[in-house]
Protein chains: 2
Amino acid sequence: MSDHLENIPELAVSRLLRYHHILMGMSQGDVVSSSDLSEKTGYTAAQIRRDLTYFGQFGTPGRGYTVDSLRNAIADVLGINRESNVLIMGVGRVGAALLHYESFEKHRFHVVAAVDVDPEKVGLEMGRFKVRSVEDLSDIVTEGDIRMAILCVPPAQAQTAVEQLVRAGIRAILNLTAMPVDVPDDVSVRPVNLAVELEWLAMAQSRRGGSRGEKAVPETGFNEKKKGGD
Amino acid sequence: MSDHLENIPELAVSRLLRYHHILMGMSQGDVVSSSDLSEKTGYTAAQIRRDLTYFGQFGTPGRGYTVDSLRNAIADVLGINRESNVLIMGVGRVGAALLHYESFEKHRFHVVAAVDVDPEKVGLEMGRFKVRSVEDLSDIVTEGDIRMAILCVPPAQAQTAVEQLVRAGIRAILNLTAMPVDVPDDVSVRPVNLAVELEWLAMAQSRRGGSRGEKAVPETGFNEKKKGGD
DNA sequence: ATCCGGTTGTGAAACACATCACAATTAAAT
DNA sequence: ATTTAATTGTGATGTGTTTCACAACCGGAT
């Protein structure tokens, strides 16, 4: 059983992440069928079952899947079944907001440090954190066993900040600045740009206006029915 | 020329949005070739050319595409070639941060109002806005010709807030709460969940750790090479 | 005028992915 | 035990998407 992530179709991987997320919101003991998941996701039941066969067999015919074990199996194959420490780079309005964000913990991400260049901000108490200086970055990263960072600096400083992060040992960066950044091949960046997200909505809007009613905006950019997802 | 959005493959649409975004960051007069775009996006040059053929012909052989006209053609077919007014629902830490966010304007999104339920917050001056009461929502939406909203209320209030928005006439909602919401079929929701974005990074991490070096995290969840996105 | 490097646009082939439809399996009821 | 209703897992099939490879084209140099 249990093929590896490489052999699973890209599109299936994005759905698996979605299933995982939904399963997290269900009570562990429950049983869920492919058609239950179908309703919640908008994907067909057959597709969901097929997605799962890519890496094993988890269901019992006639009943379905137990939430707990299925969620666990997916997390295993996706490689997200572990804790991660996270650092917040830049405690402007956005960074400060994230320091109070609570849903990271549910997903086993632990925000363990906040860093800024501005001497005015270094030393301030924000939420349960004391803001630390970017000069101590390497130490902070090492001591805290941190590999991921959320980048919330002003766009103009994005590239500089990224280089500091990489030098300090960070391997994965969630880029919330509106600025694209370059990184070495062995570092991952995931950009989140709210303006682009609004473009998706604008597209959906014009689609409706232009013709008859149509599907809602897909989560990843692909097939799916309605219902907001988080 | 110029087929309509319905006939363009879903996956191509998501790439087109990406091209559009990149072209926005280039000087209007310049000429860009499919291989230039290939470098910037990680998609193959052939695929980029193919994507464009779905709705017309814009290039000149031997030279490439003029940034301005290509960007415009893409915006037209995607239906995002117009201004949109946007409302911010909930001015907690996140909502307040967005009131100062500047890159919306570049994408022709105009934040024109901020609304909250909390009487303590109503009337406050934030950025260039005076926070208004959720009770005036319908009026605000009508007067401001607003069809899109960014939802930044606490998760527990998400569904209620969405219902208020829909009743007031909002047709598209960017959901920044970590809570899935239900909407009527004629309303679009686009969820943005930072914890899920971190999961993507965690996946990429474990992929590297598990074997040899590999691709960076794709923007939409699919093929692409390296380089941070915006 | 002609050549030449560079690039587009696109049939055709290859590939990836989704859907269909059903045998195999199970838990529960009788 | 046997039946029943439900649901999984998967060959086979069909559709959608990407890649390949190259003719047609353009602008500039000679």
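Because the structure is predicted, anything quoted here is derived from the model rather than measured. Note on naming: letters A, B, ... go to the chains in the order of the sequence lines (proteins, then strands), and numbering restarts at 1 for each one.
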Inset, instruction - For the pair A/Tyr43 and A/Tyr19, name the ring-plane relationship: parallel under 30°, tilted 30 to 60°, perpendicular over 60°. - result: perpendicular

Inset, instruction - Quick one: sort the A/Phe58 and A/Phe55 rings into parallel, tilted or perpendicular, breaks at 30° and 60°. - result: tilted

Of the nucleotides [options], which one has an atom closest to the side chain of [X]?
{"X": "A/Tyr65", "options": "D/dG9, C/dC20, D/dC20", "value": "D/dG9"}
{"X": "B/Leu11", "options": "D/dT18, C/dT8, C/dC20", "value": "D/dT18"}
{"X": "A/Pro9", "options": "C/dA21, C/dT8, C/dC17", "value": "C/dC17"}
{"X": "A/Arg49", "options": "C/dC17, D/dC22, D/dT10", "value": "D/dT10"}

Inset, instruction - Name the residue closer to the 5' end of DNA chain C, choosing between A/Thr44 and A/Pro61 according to the nucleotide with the nearest heavy atom. - result: A/Thr44

Legend entry - B/Arg50 or B/Ser33, whichever maps to the more 5' nucleotide of DNA chain C: B/Ser33

Inset, instruction - Have a look at A/Ser34 and say if it touches a base, only the backbone sugar-phosphate, or nothing, with a 4.0 Å heavy-atom cut-off. - result: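 A/Ser34: backbone/sugar contact only, no base atoms under 4.0 Å.
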
Inset, instruction - Remember a base hit wins even if backbone is also touched, and classify B/Ser35 as base, sugar-phosphate or nothing at under 4.0 Å, heavy atoms. - result: nothing

What is the distance from [atom1] of [X] to [atom2] of [N], rounded to the nearest Å?
{"X": "B/Ile8", "N": "D/dT18", "atom1": "CD1", "atom2": "P", "value": "13 Å"}
{"X": "B/Asp51", "N": "D/dG16", "atom1": "CG", "atom2": "C1'", "value": "13 Å"}
{"X": "A/Glu39", "N": "D/dT7", "atom1": "CD", "atom2": "P", "value": "11 Å"}
{"X": "B/Ile48", "N": "D/dT18", "atom1": "CD1", "atom2": "P", "value": "12 Å"}
{"X": "B/Leu52", "N": "C/dT7", "atom1": "CG", "atom2": "C1'", "value": "13 Å"}
{"X": "B/Gln47", "N": "C/dA14", "atom1": "CD", "atom2": "P", "value": "19 Å"}
{"X": "A/Tyr43", "N": "C/dC20", "atom1": "OH", "atom2": "P", "value": "17 Å"}
{"X": "A/Leu37", "N": "D/dG9", "atom1": "CG", "atom2": "P", "value": "12 Å"}

Legend entry - N/O (side chain, B/Gln57) to phosphate O (OP1/OP2, C/dT10) under 4.0 Å: yes

Inset, instruction - Report yes if at least one side-chain N or O of A/Arg15 is closer than 4.0 Å to OP1 or OP2 of C/dC17; otherwise report no. - result: no

Legend entry - Any N/O donor-acceptor pair, B/Arg63 side-chain to C/dG5 base, under 3.5 Å: no

Legend entry - Modelled atom types, side-chain donor and acceptor of B/Thr66 and B/Asp68, under 3.5 Å: no

Inset, instruction - Kindly say whether B/Ser33 contributes a backbone atom to a donor-acceptor pair with the side chain of B/Asp36 at under 3.5 angstrom? - result: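 Yes; at least one donor-acceptor contact below 3.5 Å.
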
Inset, instruction - Would you check if the side chain of A/Ser27 reaches a backbone N or O of A/Asp30 as a donor-acceptor pair within less than 3.5 Å? - result: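 Not confirmed, A/Ser27 side chain does not pair with A/Asp30 backbone.
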
